[in-house]
2 protein chains.
Amino acid sequence: MTVKAQFDHTNCEGCPIRHRAVCAHCDTDELEELEGIKYYRSFEAGQTIIWSGDQMSFVGSVVSGIASLTQTMEDGRTQMVGLLLPSDFVGRPGRETAPYDVQATTDVVMCCFRKKPFEDLMNSTPHIAHRLLQMTLDELDAAREWMLVLGRKTAREKIASLLSIIARRDASVSQKAQSGPIVFDLPLTREAMADYLGLTLETVSRQISALKRDSVILLEGKRHVTIPDMARLMDEAGDDSDGGFLV
Amino acid sequence: MTVKAQFDHTNCEGCPIRHRAVCAHCDTDELEELEGIKYYRSFEAGQTIIWSGDQMSFVGSVVSGIASLTQTMEDGRTQMVGLLLPSDFVGRPGRETAPYDVQATTDVVMCCFRKKPFEDLMNSTPHIAHRLLQMTLDELDAAREWMLVLGRKTAREKIASLLSIIARRDASVSQKAQSGPIVFDLPLTREAMADYLGLTLETVSRQISALKRDSVILLEGKRHVTIPDMARLMDEAGDDSDGGFLV
DNA sequence: GTTTCCACTTGATCTCTGTCAAAGTCGCTA
DNA sequence: TAGCGACTTTGACAGAGATCAAGTGGAAAC
């Protein structure tokens with residue numbers, strides 16, 4: 001099996017289940033079918049992976065790095081509408097054109113599938129369709145959770161919400177216990193955070209400074225964050241439940 | 001066929017394709033299987049159809065009226081995260097509990113399916129799963145479109161965006177031509193509009209008055225709206241594309 | 001007919017966040 | 001080591017929208 005040789009299983013350490021379901025080298029059942037329709041692509045930070053309105057020629061998963069979905073108005077106001085972390089899926093089976101820009105926020109490696117063969121595979125393999133439905137429902141929940149953040153939360157609550165999402169996501173990927181301080185590096189610039197939160201970068205900076213002053217977070221440099229008390233942060237975020245929303 | 005007799009096709013005039021795909025009396029292929037798992041329920045305006053966190057015992061479509069998906073914070077701030085118009089689907093196959101409240105905004109009639117049998121049907125009928133995936137992708141697009149509204153638009157643009165969505169939705173349901181003035185009744189109170197837009201009801205009222213003063217809309221009474229020039233309204237909404245987003 | 005109630009409007013004021021501007025930090029290159 | 005440039009912080013001020021508070025209008029109830 002050339003595919004197996006080319007994309008060895010070791011490429012995919014820690015590959016989570018969301019990825020596994022649609023990724024050739026993690027789902028050995030599908031290796032035969034996927035031969036030749038799968039390939040890797042790399043993108044540099046800042047590069048646009050897909051332009052809004054473009055024909056989409058592939059679907060795929062983020063293997064490493066962070067990509068974002070953004071919408072831009074004529075006058076330049078932009079809103080990030082989704083954050084794609086490793087294992088997240090990109091693409092709309094059944095759709096011709098992309099509804100928003102996909103941008104590489106950091107350097108990104110994607111595991112791509114040519115769209116048409118992937119769709120054929122999906123049509124003939126019910127469990128892929130089901131998996132995709134579950135993933136889409138997860139994304140829909142995350143989008144709606146985020147609507148509450150955008151529509152009703154204060155700047156401070158917005159920042160706390162974003163930090164707790166990143167922290168939780170980070171913690172779950174690295175399988176750490178949830179107790180004790182959480183440490184991570186912010187993968188986003190202040191501007192990217194602002195675009196995600198519907199704020200300006202100045203407000204983001206001010207609120208991060210305020211959270212630091214109030215010891216809700218500790219900062220080393222500009223990006224290295226320690227959260228001494230996750231419950232405190234969640235409280236600042238105004239989350240009623242401890243509920244796991246997923247981005 | 002008792003189902004056919006009970007829920008005659010005439011119940012479903014104008015039943016759009018999104019409903020048809022999952023509704024017994026519109027999709028004759030499935031009549032046999034759906035016998036006994038389908039039923040109608042009525043809700044009064046203001047009633048909560050499903051509480052966030054509840055076990056979901058059914059899925060279904062809105063037949064008439066308007067329902068909304070809302071999230072509420074501990075202190076009472078609420079954000080509407082989805083508007084369900086006739087033909088829209090409610091429910092998450094594969095999920096146990098509801099992620100947000102579903103409320104009847106007006107009197108609502110729903111066409112419900114018991115959840116477990118519906119899931120079985122979905123698992124054995126690929127085209128239902130595919131249809132559901134398409135519908136979920138549509139909702140996801142709409143949610144993300146709305147994130148731009150919530151995060152980056154001014155109060156005036158928000159109102160214009162909401163009016164143009166309702167107008168377009170109304171126009172497409174009633175199959176009217178898109179040219180010429182569009183007339184409809186607002187199905188939402190000012191407060192519901194505020195909850196959808198992330199504003200206060202006072203701001204909603206002020207902006208509606210302003211749009212009226214500027215002749216972007218005409219108002220008869222408090223709810224009856226005429227839009228003399230749809231392009232003008234879309235311009236006020238700040239929409240770059242004339243793109244059809246779907247709620 | 002008039003009372004009551006509810007949805008809505010309008011006004012005055014306040015405050016949070018945006019805007020504009022300047023200065024600080026850090027890493028990289030020459 | 002200095003200097004450049006990208007990113008970030010901080011300050012002063014302004015403005016959009018929130019808050020608080022009356023007041024209006026129309027339909028249902030008495």
Side-chain angles (χ1 to χ4, degrees), chain A residues 44-47 66 73 75-79 104-107 149-163 185-214 217-225 236 238, chain B residues 44-46 66 73 75-79 105-107 149-163 185-214 217-225 236 238:
Chain A
E44 284 175 25
Q47 207 179 340
I66 297 196
M73 294 173 69
D75 60 9
R77 282 177 281 175
T78 76
Q79 176 66 49
T105 297
T106 63
D107 289 350
V149 173
L150 290 173
R152 291 301 185 194
K153 290 193 179 180
T154 64
R156 172 183 263 244
E157 289 169 335
K158 285 179 174 181
I159 298 288
S161 297
L162 180 56
L163 291 176
D185 284 301
L186 274 178
L188 304 174
T189 66
R190 301 291 188 260
E191 187 178 22
M193 294 173 73
D195 283 343
Y196 199 38
L197 294 164
L199 298 171
T200 60
L201 68 91
E202 293 94 333
T203 298
V204 169
S205 180
R206 272 186 253 274
Q207 295 300 334
I208 288 180
S209 297
L211 289 175
K212 178 179 160 192
R213 173 168 35 72
D214 300 342
I217 62 173
L218 309 177
L219 261 189
E220 242 173 278
K222 292 155 195 307
R223 297 292 191 90
H224 193 72
V225 179
E236 290 283 355
Chain B
E44 284 175 26
I66 297 196
M73 295 173 68
D75 59 10
R77 280 178 282 176
T78 76
Q79 176 66 50
T105 297
T106 64
D107 290 350
V149 174
L150 290 172
R152 292 301 184 194
K153 290 194 178 180
T154 65
R156 173 183 262 243
E157 288 169 336
K158 285 179 174 182
I159 298 288
S161 297
L162 180 56
L163 290 175
D185 284 302
L186 275 178
L188 303 174
T189 65
R190 301 292 187 262
E191 187 179 22
M193 295 174 72
D195 283 343
Y196 200 37
L197 295 165
L199 298 171
T200 60
L201 68 91
E202 293 94 330
T203 298
V204 170
S205 180
R206 273 186 253 273
Q207 296 300 334
I208 288 180
S209 298
L211 289 175
K212 178 179 159 192
R213 173 166 35 72
D214 300 342
I217 62 173
L218 307 177
L219 261 189
E220 242 173 277
K222 292 156 194 307
R223 299 288 193 92
H224 193 72
V225 178
E236 290 282 355

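Below, chains carry the letters A, B, ... as their sequence lines are ordered, and counting in each starts from 1. Because only heavy atoms are used, hydrogens play no part in the values below, and waters and symmetry mates are left out as well, while side chains stay in.
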Which part of the nucleic acid, if any, lies within reach of A:Gly198 when heavy atoms closer than 4.0 Å are counted: base, sugar-phosphate only, or nothing? sugar-phosphate
Round to a whole Å and report the spacing from CG of A:Leu150 to P of C:dT17. 13 Å
Has the side chain of A:Arg223 got a donor or acceptor that lies under 3.5 Å from a partner of the other kind on the base of C:dT25? no
Ignoring the backbone of B:Thr154, work out which of D:dG17, D:dT10, C:dT19 is nearest its side chain. D:dG17
When you measure only distances, ignoring hydrogens and angles, does the side chain of A:Arg206 come within 3.5 Å of the base of C:dG18 through a donor and an acceptor? no
Tell me which residues in residues 187-195 of chain B put a heavy atom below 4.0 Å from DNA chain D, sorted by number, or none. none
Return the CG to CG distance between A:Leu186 and A:Leu163, rounded to the nearest 0.5 Å. 6.0 Å
So, does B:Thr203 get its side chain near the phosphate of D:dA18, meaning an N or O under 4.0 Å from OP1 or OP2? yes
Kindly give the heavy-atom pair with the smallest separation between B:Ser161 and B:Lys153, and that separation in Å. OG-NZ, 3.1 Å
Which whole-number value in Å describes the distance from A:Arg77 CZ to C:dT17 P? 18 Å
Can you tell me how far the CD atom of B:Glu236 sits from the OG1 atom of B:Thr154, to the nearest 0.5 Å? 9.0 Å
Nearest-angstrom distance from the residue atom NZ of B:Lys153 to P of D:dG17: 13 Å
Is any side-chain nitrogen or oxygen of B:Ser209 closer than 4.0 Å to OP1 or OP2 of C:dT10? yes
A:Leu201 has an atom CG; how far is it from atom P of C:dT19, in whole Å? 10 Å
Intermediate values then yes/no, side-chain contact (heavy atoms from CB on, under 4.5 Å), B:Leu219 and B:Val225: CA-CA 5 Å; B:Leu219 261 189; B:Val225 178; 3.8 Å; yes
Supply the atom-to-atom distance B:Gln207 CD to B:Met193 CE, rounded to the nearest 0.5 angstrom. 11.0 Å
Please report the distance, rounded to the nearest Å, between NZ in B:Lys222 and C1' in C:dC5. 13 Å
Using whole Å, report how far CD of A:Gln207 lies from C1' of D:dG11. 15 Å
Polar side-chain contact A:Glu202-C:dC20 base: donor and acceptor under 3.5 Å: yes
Walking DNA chain D from its 5' end, the first of A:Gly221 and A:Arg152 to be reached, judged by nearest nucleotide, is A:Gly221
What is the separation between atom CD1 on B:Ile159 and atom C1' on C:dC8, rounded to the nearest whole Å? 13 Å
Test your reading of the model: is there a side-chain donor-acceptor pair from B:Asp107 to the backbone of B:Ala45, 3.5 Å cut-off? yes
Considering all heavy atoms, the nearest A:Arg152-B:Asp195 contact: NH2-OD1, 3.1 Å
Mind calculating the distance between CG (B:Leu186) and P (C:dA7) to the nearest angstrom? 15 Å
